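What you see is a predicted model; the values in this text were computed from it and never measured.
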Amino acid sequence: MYREVLKKIKVFSLPFLFSISGCGGSESQFGGATATSKGGKVGSKTEVKSELSDDLTQVAISPDEVPNYKSVIAFLDAANVPVPNNVRSEVMNLKVPDGLMLAGPFVGSNGVSSFNLSARTTNTLASLVGIVPSSVVNGLLGTPLGGLLCLPNGILLVTNPSGTSIDINNRANCLRVSGSFVKSFGNGRSCLTCHSPLDSWTLNTKNINERFNSSRGNDPLFRTVDGANCPKADVSTIAAKRQSYSLLLSKGLIRIEQKLPSNAEFKLASATGTYCNEIDSRDPLLSLYRRPLPTTNLELITSVMWDGRESKTGDLRQDLLAQARSAVATHAEAKEVPSDRVMNDAVDLEISITSAQITSNKGFNLSTTRESAAQILARQKLTPNENISRFNTNVFTLFNAFASSSNANQRALYRGQQIFNTKTFNVPELGANTTCSSCHNAPNAGSNTAIPRRFFDNGVATEEFRTSDLPLYTFVSLDGRKTVKVSDPGRAMVTGKWEDIGKFKVPVLRGIAARYPYFHNGSARTVGDVVNFYDDRFDIGLSLEEKLDLTAFLEQL
């Protein structure tokens, strides 16, 4: 059976991860030729150098040798990558034709992705993909061979604590993680360094630590310019590196440096806990620690960066282009900023990615249609100021079909959705009838649609909730009448306004399960911690069952 499909789709192969098919056509992405590694030979087979094991030097692959996930296991075995017995058993015993062909169940004869796998099968396959370390995946995608891959929509499954999410190309039938997005600049970093597909296009602490351990702290992510707690940190030994990169390892934080705006309505009175970052009181340069935002679902945002500092033109693409240039110049320390053509290539990829949770680890699919949640989300476009002037509190309707389900876990998702939509509480800035959906008001996305952009102070940066590993800055108003202490002034570092101290953007909620920890400063390790924070902060009065339901809902977005 699979050989007939291969004739139509022309599946090519990787030694340890996926098969791939041509992007939007019947011809292979390799154009009928073969890719070769250094020292490889052009012929009917592809010579690929494996980076998984020193014992596996070259693997010769023909286009029909990796038709299914059972063959992926064979390659993992050859590369000495441990496959847990439970995953091996489940994959080898899958009750689907030909061991679940990589091209068949996901891509129909018309080239359109079809979501028809059981939740158990999907979760098992995501676990198999997750066996391959993040450091290896990032390394592969940065090679010339990686640049040839176009992953068919439906193939890139990402396992997370709540189930499985999926990444698709919202503009074509396959996703190519290549070009300027994976190109190394300056200090060896690329966009991929801080925006990895296995981390749902940002960084999570599990994979950060894996990359640290596998590279002994030499992965491009670990650069003192912003990965360390301060640029003069001691990185002479492994132990010193662990200490110097502690905020990155424990909370996934990258350091940025900002000066007070010239029009600031406040001045810095004191600073503590700044590590070795010296603060000049006459011209203070503040070290601020923030989570990298994901490069997915970008068409559902209205502000670029936590403080919106790159949102200057009113044109999302131009703002993302400016952000990409800035990142290459600062985070990658490039001596020359690449051309717009080079940077536009990276932005093209960023705005083409859509991500969403598709299955629960409780054993059921989250979509009640033949399409995955990501396919449905890909058609959604953000409408400026949608659901604001005439506000509809029922922002999320994803799980309405589960309201009367016989499955208790599905009913919990519906109850959590309704808590998010309708549970009211008092927020001084917004009033007594505030709901979670008041800020996260974009229908079935959870971002904020306001233009001009709105930013909110949820209290995370206040002295009350500041943890001892973060700095504490004391600001005084110019008239000397007001004082505030925060770990990060947020939006105020852009506008200079006193009222903006501690305010940050409202992020997209879809696909958050793999993006831990949460908030701009990584202070919430789990989604449950996020729920507990808001319950305490705004005295919502959630019962234990309501907390569990709300947490379950958020984890399955």
Does the side chain to side chain donor-acceptor pair (under 3.5 Å) test come out yes or no for Ser437 and Thr393, once each step is laid out? CA-CA 6 Å; Ser437 58; Thr393 186; 3.3 Å; yes

Is there a side-chain contact between Leu249 and Arg211, using heavy atoms and a 4.5 Å cut-off? no

Below 4.5 Å, heavy atoms only, C-beta onward: do Leu248 and Leu221 meet side chain to side chain? yes

Distance (rounded to the nearest 0.5 Å) between Arg510 CZ and Thr354 OG1: 10.0 Å

For [X] against [Y], the heavy-atom pair lying closest together:
{"X": "Ser438", "Y": "Asn448", "result": "O-ND2, 4.3 Å"}
{"X": "Asn409", "Y": "Phe364", "result": "CB-CE2, 3.6 Å"}
{"X": "Gly522", "Y": "Lys251", "result": "O-CG, 3.7 Å"}
{"X": "Asn392", "Y": "Asn387", "result": "N-OD1, 2.5 Å"}
{"X": "Ser215", "Y": "Asp219", "result": "OG-N, 2.9 Å"}
{"X": "Leu175", "Y": "Ser352", "result": "CD1-OG, 4.1 Å"}

My understanding is that only one of Asp529, Asn204, Asp199, Val530 makes a side-chain contact (heavy atoms from CB on, under 4.5 Å) with Tyr516; could you say which? Asn204

Arg454, CZ: over 12 other non-hydrogen atoms inside 6.0 angstrom: no

Pairing donors with acceptors under 3.5 angstrom, does anything connect the side chains of [X] and [Y]?
{"X": "Asn297", "Y": "Trp201", "result": "no"}
{"X": "Asn361", "Y": "Ser162", "result": "no"}
{"X": "Gln318", "Y": "Thr313", "result": "no"}
{"X": "Ser355", "Y": "Asp167", "result": "yes"}

Plane angle bin for Phe553 and Phe420 - parallel if under 30°, tilted between 30 and 60°, otherwise perpendicular: tilted

Out of the candidates Arg515, Gln357, Glu555, only one should pair with Asn160 under the side-chain hydrogen bond (donor to acceptor under 3.5 Å, both in side chains) rule; please name it. Gln357

Taking 4.0 angstrom as the limit, do [X] and [Y] come out as a salt bridge?
{"X": "Glu350", "Y": "Arg317", "answer": "no"}
{"X": "Arg325", "Y": "Asp340", "answer": "yes"}
{"X": "Asp348", "Y": "Arg171", "answer": "no"}

Walk me through whether Thr359 and Asn123 qualify under side chain to side chain donor-acceptor pair (under 3.5 Å). CA-CA 7 Å; Thr359 62; Asn123 291 341; 2.4 Å; yes

Check the pair Gln418, Asp549 against side chain to side chain donor-acceptor pair (under 3.5 Å), reporting the backbone distance first and the verdict last. CA-CA 9 Å; Gln418 296 313 103; Asp549 289 345; over 6 Å; no

Before you tell me yes or no, could you show the steps for Leu349 and Asp345 under side chain to side chain contact (heavy atoms under 4.5 Å, CB included), namely the whole-Å CA-CA distance, both residues' side-chain angles and the distance that decides it to 0.1 Å? CA-CA 7 Å; Leu349 174 65; Asp345 181 59; over 6 Å; no

Please tell me whether Tyr534 and Phe519 form a close aromatic pair, meaning their ring centres lie under 6.0 Å apart. yes

